[in-house]
2 protein chains.
Amino acid sequence: MSAPRTARARVRAQLTAEIADVARAHLATDGAAALSLRAVARELGMASSAVYRYFPSRDDLLTTLIVDAYDALGTAAERAEAAVPREDLRGRLHAACGAARDWALAHPHEYSLLYGSPVPGYAAPETTIGPAARVGTLVVAIITDGLASGVLTPLPGVADMLEPRVLADLGLTDDPVRAALTVTAWSGLFGAIGWELHGHTHNIVRDHAAWFRSVVDTHADALGLPRL
Amino acid sequence: MSAPRTARARVRAQLTAEIADVARAHLATDGAAALSLRAVARELGMASSAVYRYFPSRDDLLTTLIVDAYDALGTAAERAEAAVPREDLRGRLHAACGAARDWALAHPHEYSLLYGSPVPGYAAPETTIGPAARVGTLVVAIITDGLASGVLTPLPGVADMLEPRVLADLGLTDDPVRAALTVTAWSGLFGAIGWELHGHTHNIVRDHAAWFRSVVDTHADALGLPRL
DNA sequence: AAACCGACGAGAGCATCGCTCTGTGAGGCC
DNA sequence: GGCCTCACAGAGCGATGCTCTCGTCGGTTT
């Protein structure tokens, strides 16, 4: 991340990135489970043992790929969402979720790595939780914007299924019902993407793009986002 | 499936089942990716090559486990749903989905095998599509029951994102909007289960059972199921 | 009853994997 | 210029899925 000071560090950083790039290419074509450290080393013309100078284990390599993927997905969603007028809450949701779906369709294996089954014996380390939350943060921002501008009013009812600390951090303490709906929308949207990606809607859904838009609308309705 | 006629076929069927049982146990404890044909053979005291007399490949073994898992999940959901009065549509949805969630929490690895990332280079064969649809069929039955009894009336609007043939097969041709919502609910419910199972709601949701109930209610609302 | 043929199981073997250890070389640092 | 750390290669270990061959045993047919 920081600029390498010595020439040695520079070439090291460069080779590290090169390994990650090749690994990402393998991941994109063959999937996470087929990602082989030896194959990456072969493609780079180095001994397999040399790779361990840069990544202590296969899981470590996978972790960097995961973080990168979360970042790429988050960036895609954020850029799409930023292009929509602030007051169009539903449009912002559509943009963010549509971009997430597009990214998933373009990078199916990476998406599965993020939101599919956890890799065998692999536990997501702390470094992944930040990037993982970016899309969720985006959805929450749409809600809080709506509440701040008065377009949305807190939903009545009580709901204490979420962590109070998270509610406070997100600024949704006084609208816990809508906060729960936000988590529901978040999981539902990604569930729909995975559903399509893994073929569960094969032979059922004809127009996946249209269906996904309707899914977003369903959740937008539940959240009370006004149609523009 | 059919009764074995010869003694040879009987012992063969029995050993086949035994192999599948051991494999299922390994799957339950270690996960799908760690399922090793050799380990199964070791536990059964036979040479690894002998297992290939019963299952032509590891993927084939996995397929039978997948089919069995779909069946177990479907049975659990059906039994729970059958215990609820027919007229309580929302209760039936809660029962079916709650049972699916319970089953998933009790068999996380098997659930991930069904609804997580596809196994490397593994393509679900035709034999899995029947059992896979059982839970979905259950949800559809709740809807069609409501339409038949007049509790539900077709939702206005047009929706042609689903396959017309499926609409006809399910008897939802005259309520395509609700049919789309049904698919949305189906994917959203399983998305929520996977979301919880894979830890994406960790540190966000405090009471997962309550949250899941609210997810079911959200989809029940979207489907227009009356509160009893 | 005898011959036969198919299924069955074991073992060795191949290619692959993640990972470790050891030795050697070359670059940067004092 | 000498030291020293880092980088790399290679061999090796245990494990995987899968194939092939070979001996054996059981059921079937003549």
Side-chain angles (χ1 to χ4, degrees), chain A residues 3-20 22-23 25-27 29-66 109 113 118-123 125, chain B residues 3-20 22-23 25-27 29-66 109 113 118-123 125:
Chain A
R5 298 182 52 82
T6 74
R8 208 166 178 124
R10 197 168 51 240
V11 64
R12 178 182 178 83
Q14 209 242 319
L15 188 45
T16 305
E18 212 165 320
I19 293 173
V22 173
H26 283 206
L27 170 63
T29 58
D30 301 326
L35 177 68
S36 151
L37 239 157
R38 294 178 107 113
V40 172
R42 262 196 304 273
E43 185 159 331
L44 259 48
M46 49 169 36
S48 64
S49 56
V51 181
Y52 285 85
R53 295 269 166 195
Y54 299 88
F55 293 94
S57 77
R58 181 182 176 277
D59 281 2
D60 246 81
L61 214 183
L62 224 45
T63 297
T64 57
L65 294 184
I66 287 176
H109 286 121
L113 185 59
V119 177
Y122 174 82
Chain B
R5 298 185 51 84
T6 74
R8 206 164 179 125
R10 198 168 52 241
V11 63
R12 179 182 177 83
Q14 210 240 318
L15 188 44
T16 304
E18 211 165 319
I19 292 173
V22 172
H26 283 204
L27 169 64
T29 58
D30 301 326
L35 177 69
S36 153
L37 240 160
R38 295 178 106 111
V40 172
R42 262 195 305 275
E43 185 159 331
L44 258 48
M46 49 166 42
S48 66
S49 56
V51 179
Y52 286 85
R53 298 273 174 198
Y54 299 88
F55 292 94
S57 77
R58 179 182 176 278
D59 281 2
D60 231 89
L61 214 183
L62 264 175
T63 297
T64 56
L65 294 183
I66 287 176
H109 287 121
L113 185 59
V119 176
Y122 173 81

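All chains are named by letter (A, B, ...) in the order of the sequence lines, taking the proteins before the strands, and each is independently numbered beginning at 1.
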Practice item. Could you walk me through whether T64(A) and T16(A) pass the side-chain contact (heavy atoms from CB on, under 4.5 Å) test, one step at a time? Key: CA-CA 11 Å; T64(A) 57; T16(A) 305; over 6 Å; no

Contacts under 3.5 Å, N or O only, protein and nucleotides 7-11 of chain C:
{"from": "dA7(C)", "atom 1": "O4'", "to": "R8(B)", "atom 2": "NH2", "distance (Å)": "3.2"}
{"from": "dC8(C)", "atom 1": "OP1", "to": "R12(B)", "atom 2": "NH1", "distance (Å)": "3.1"}
{"from": "dC8(C)", "atom 1": "OP2", "to": "R12(B)", "atom 2": "NH1", "distance (Å)": "2.6"}
{"from": "dG9(C)", "atom 1": "OP1", "to": "Y54(B)", "atom 2": "OH", "distance (Å)": "3.3"}
{"from": "dG9(C)", "atom 1": "OP2", "to": "Y54(B)", "atom 2": "OH", "distance (Å)": "2.6"}
{"from": "dG9(C)", "atom 1": "N7", "to": "R53(B)", "atom 2": "NE", "distance (Å)": "3.1"}
{"from": "dG9(C)", "atom 1": "N7", "to": "R53(B)", "atom 2": "NH2", "distance (Å)": "3.3"}
{"from": "dG9(C)", "atom 1": "O6", "to": "R53(B)", "atom 2": "NH2", "distance (Å)": "2.4"}
{"from": "dA10(C)", "atom 1": "OP2", "to": "A47(B)", "atom 2": "N", "distance (Å)": "2.6"}
{"from": "dA10(C)", "atom 1": "N7", "to": "S49(B)", "atom 2": "OG", "distance (Å)": "3.0"}
{"from": "dG11(C)", "atom 1": "N7", "to": "S49(B)", "atom 2": "OG", "distance (Å)": "3.4"}
{"from": "dG11(C)", "atom 1": "O6", "to": "S49(B)", "atom 2": "OG", "distance (Å)": "2.8"}

Nearest non-hydrogen partners of [X] and [Y], listed with the distance:
| X | Y | value |
| --- | --- | --- |
| A41(B) | V51(B) | CB-CG2, 3.5 Å |
| A32(B) | L62(B) | CB-CD2, 4.4 Å |
| R58(A) | L35(A) | NE-O, 2.9 Å |

How many whole angstroms separate atom [atom1] of [X] from atom [atom2] of [N]?
| X | N | atom1 | atom2 | result |
| --- | --- | --- | --- | --- |
| E18(A) | dC8(D) | CD | P | 11 Å |
| D59(B) | dT16(D) | CG | P | 16 Å |
| D60(B) | dT19(D) | CG | P | 12 Å |
| R10(A) | dA7(D) | CZ | C1' | 17 Å |

Measure all distances between protein nitrogen or oxygen atoms and nitrogen or oxygen atoms of nucleotides 15-18 of chain C, and list the pairs falling under 3.5 Å.
{"from": "dC17(C)", "atom 1": "OP1", "to": "S36(A)", "atom 2": "OG", "distance (Å)": "2.9"}
{"from": "dC17(C)", "atom 1": "OP1", "to": "R42(A)", "atom 2": "NH2", "distance (Å)": "3.3"}
{"from": "dC17(C)", "atom 1": "OP2", "to": "R42(A)", "atom 2": "NH1", "distance (Å)": "3.3"}
{"from": "dC17(C)", "atom 1": "OP2", "to": "R42(A)", "atom 2": "NH2", "distance (Å)": "3.3"}
{"from": "dG18(C)", "atom 1": "OP1", "to": "L35(A)", "atom 2": "O", "distance (Å)": "3.4"}
{"from": "dG18(C)", "atom 1": "OP1", "to": "L37(A)", "atom 2": "N", "distance (Å)": "2.7"}
{"from": "dG18(C)", "atom 1": "OP2", "to": "L37(A)", "atom 2": "N", "distance (Å)": "3.2"}
{"from": "dG18(C)", "atom 1": "OP2", "to": "R38(A)", "atom 2": "N", "distance (Å)": "3.2"}
{"from": "dG18(C)", "atom 1": "N7", "to": "R38(A)", "atom 2": "NH1", "distance (Å)": "2.3"}
{"from": "dG18(C)", "atom 1": "O6", "to": "R38(A)", "atom 2": "NH1", "distance (Å)": "2.9"}

Counting only N and O atoms by type, is there a donor-acceptor contact under 3.5 Å from the side chain of R53(B) to the main-chain atoms of R12(B)? no

When rounded to the nearest 0.5 Å, the distance separating CG of D60(B) from OH of Y52(B) is 11.0 Å

Between the NE2 atom in H109(A) and the NE2 atom in H26(A), the distance rounded to the nearest 0.5 Å is 13.5 Å

Practice task
Mind running side-chain contact (heavy atoms from CB on, under 4.5 Å) on T63(A) and F55(A) for me, showing each step along the way?
Solution key: CA-CA 10 Å; T63(A) 297; F55(A) 293 94; over 6 Å; no

